[in-house]
Amino acid sequence: MKLATWNVNSLKVRLPQVIDWLHAHQPDMLCLQETKLTDNNFPQDEIAEAGYQSVFTGQKTYNGVAILSKKKAEEVLTAIPDFEDEQKRVIAATFGEFRIICIYVPNGEAVGSEKYDYKLKWLPALAEWLQAELKTYPKLAVLGDYNIAPDDRDVYDSKLWEGKVLCSQAERDAFGNLLNLGLMDSFRLFDQPEKTYSWWDYRMLAFRRNRGLRIDHILLSKKLADNCVTCHIDKATRKLERPSDHAPVIAELSL
DNA sequence: ATGGTAGAGGATCTA
């Protein structure tokens with residue numbers, strides 16, 4: 001089984017790239033973030049032509065998440081239960097014995113801002129929900145844009161970013177709390193090349209200089225982590241014409 | 001010191 005996640009920063013713009021990517025990589029499930037599409041505008045038919053079904057929840061201009069899959073999604077949830085949130089940031093679905101959760105964690109803008117406070121309220125709500133999901137579904141994967149670089153290895157210049165949004169201790173603690181539920185960062189199950197990142201700012205030639213952060217992650221429950229054989233980031237997509245600022249993360253499981 | 005680029009939508013907001 002191959003699982004992947006990609007923040008596409010507008011599915012309207014990136015649809016041809018997503019279709020090409022599906023054909024080339026044939027994931028069982030691909031989680032998308034920042035689709036920026038209302039549900040009535042979701043390109044279900046084009047994706048179906050590539051051999052994938054879609055479940056999605058979106059809004060105009062901002063946010064929006066989806067799961068594309070070869071098999072039919074069941075038990076679909078499009079919000080964190082009992083958490084007031086107008087922003088479309090989560091979708092969960094069951095595929096046989098596997099539970100797949102796609103998340104788009106708030107960016108947080110800057111430490112101390114209102115958006116940062118929202119991020120730090122959002123993450124514990126996510127954790128509480130995932131704790132319940134893990135009890136129901138032992139074979140659980142949580143994929144998405146976490147907007148958190150878990151440690152200094154995940155930041156091109158950790159001194160420059162120290163304490164800043166995406167890297168602050170409170171955010172890293174919140175990420176640690178997700179791991180403490182019994183989830184593992186699939187990328188760190190394996191030896192990885194140094195300076196591997198998943199996001200590069202569009203500005204200041206950041207990609208060319210490899211000034212990136214690893215903020216997109218695939219977390220796996222123990223039962224899935226035990227069967228994970230690889231995890232890598234597909235940096236090649238960032239070199240395409242009109243790229244997303246994020247690259248896909250892919251995990252393969254011997255299941 | 002605090003820009004710079006991209007997307008959506010049609011002036012700014014978000015990232």
Side-chain angles (χ1 to χ4, degrees), chain A residues 5-21 30-43 46-47 56-66 85-91 102-123 126 143-150 154-168 170-172 174-175 197-217 233-249:
Chain A
T5 179
W6 193 4
N7 179 324
V8 289
N9 185 22
S10 168
L11 183 55
K12 187 179 175 183
V13 172
R14 234 64 67 188
L15 183 61
Q17 292 182 22
V18 170
I19 300 285
D20 287 349
W21 200 87
L30 172 60
C31 296
L32 301 177
Q33 301 85 36
E34 284 204 86
T35 56
K36 301 186 178 179
L37 291 171
T38 52
D39 292 350
N40 59 309
N41 288 320
F42 196 90
E46 292 92 329
I47 289 165
F56 42 84
T57 183
Q59 63 188 83
K60 210 163 100 174
T61 313
Y62 306 116
N63 310 314
V65 286
D85 192 4
E86 288 177 7
Q87 304 188 17
K88 304 296 189 184
R89 295 183 173 278
V90 303
I91 187 162
C102 172
I103 64 169
Y104 175 46
V105 176
N107 169 282
E109 192 195 9
V111 172
S113 68
E114 275 184 27
K115 293 190 183 72
Y116 183 77
D117 294 341
Y118 165 61
K119 183 178 194 173
L120 292 186
K121 285 194 182 83
W122 199 92
L123 285 162
L126 172 70
L143 306 88
D145 177 358
Y146 286 70
N147 270 316
I148 300 171
D154 303 312
V155 184
Y156 72 92
D157 185 341
S158 57
K159 281 192 179 163
L160 181 69
W161 281 79
E162 189 177 2
K164 297 235 168 40
V165 74
L166 312 184
C167 301
S168 73
E171 291 164 89
R172 287 177 170 178
F175 186 83
Y197 310 120
S198 68
W199 169 80
W200 301 261
D201 199 300
Y202 283 121
R203 297 166 287 189
M204 303 292 284
L205 304 171
F207 181 66
R208 216 176 73 184
R209 298 170 174 172
N210 197 28
R211 295 186 177 187
L213 276 71
R214 192 177 69 92
I215 57 176
D216 301 86
H217 309 297
I233 295 171
D234 182 20
K235 193 175 175 177
T237 60
R238 192 64 174 77
K239 299 172 185 167
L240 297 170
E241 209 176 311
R242 278 192 100 180
S244 168
D245 46 352
H246 295 252
V249 187

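Side-chain atoms are counted along with the backbone in the values below, which use heavy atoms only and exclude waters and symmetry mates. Order of the sequence lines fixes the chain letters, A, B, ..., with proteins taken first and strands second; residue numbering starts at 1 for each chain.
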Pairwise C1' distance, B:dG3 and B:dA15 [rounded to whole Å] = 15 Å

Enumerate the protein-to-nucleotides 9-15 of chain B contacts in which both atoms are nitrogen or oxygen and the separation is below 3.5 Å.
| residue | atom | partner | partner atom | Å |
| --- | --- | --- | --- | --- |
| B:dT14 | OP2 | A:Lys115 | NZ | 3.1 |

With A:Thr38 via side-chain hydrogen bond (donor to acceptor under 3.5 Å, both in side chains) - residues at least two apart = A:Asn40, A:Asn41

When you check the phosphate oxygens OP1 and OP2 of B:dA6, does a side-chain N or O of A:Arg14 lie under 4.0 Å from one of them?
-> no

Using the P atom in both, what is the distance from B:dT2 to B:dA6, to the nearest Å?
-> 23 Å

Would you confirm whether A:Lys12, through its side chain, and A:Lys36, through its main-chain N or O, come within 3.5 Å as a donor-acceptor pair?
-> no

Short side-chain N/O contact to B:dA8 OP1/OP2 from A:Ser10, under 4.0 Å = yes

B:dA1 versus B:dA11 - spacing of their P atoms, nearest Å = 35 Å

Between C1' of B:dA8 and CG of A:Asn41, the distance in whole Å | 13 Å

With rounding to whole Å, what would you report as the distance between B:dT5 and B:dG9 at their P atoms?
-> 22 Å

Please tell me if the side chains of A:Arg89 and A:Pro106 come closer than 4.5 Å, counting only heavy atoms from C-beta onward.
-> yes

Taking every non-hydrogen atom, the tightest pair across A:Val111 and A:Val165 | CG2-N, 3.6 Å

Can you tell me how far CG of A:Leu213 sits from CG of A:Asp154, rounded to the nearest 0.5 angstrom?
-> 8.0 Å

Using the six-membered ring wherever Trp is involved, compare the ring planes of A:Tyr156 and A:Trp161 and label them parallel, tilted or perpendicular (cut-offs 30° and 60°).
-> perpendicular

Sugar-phosphate only, base, or nothing, as touched by A:Arg211 at under 4.0 Å among non-hydrogen atoms = nothing

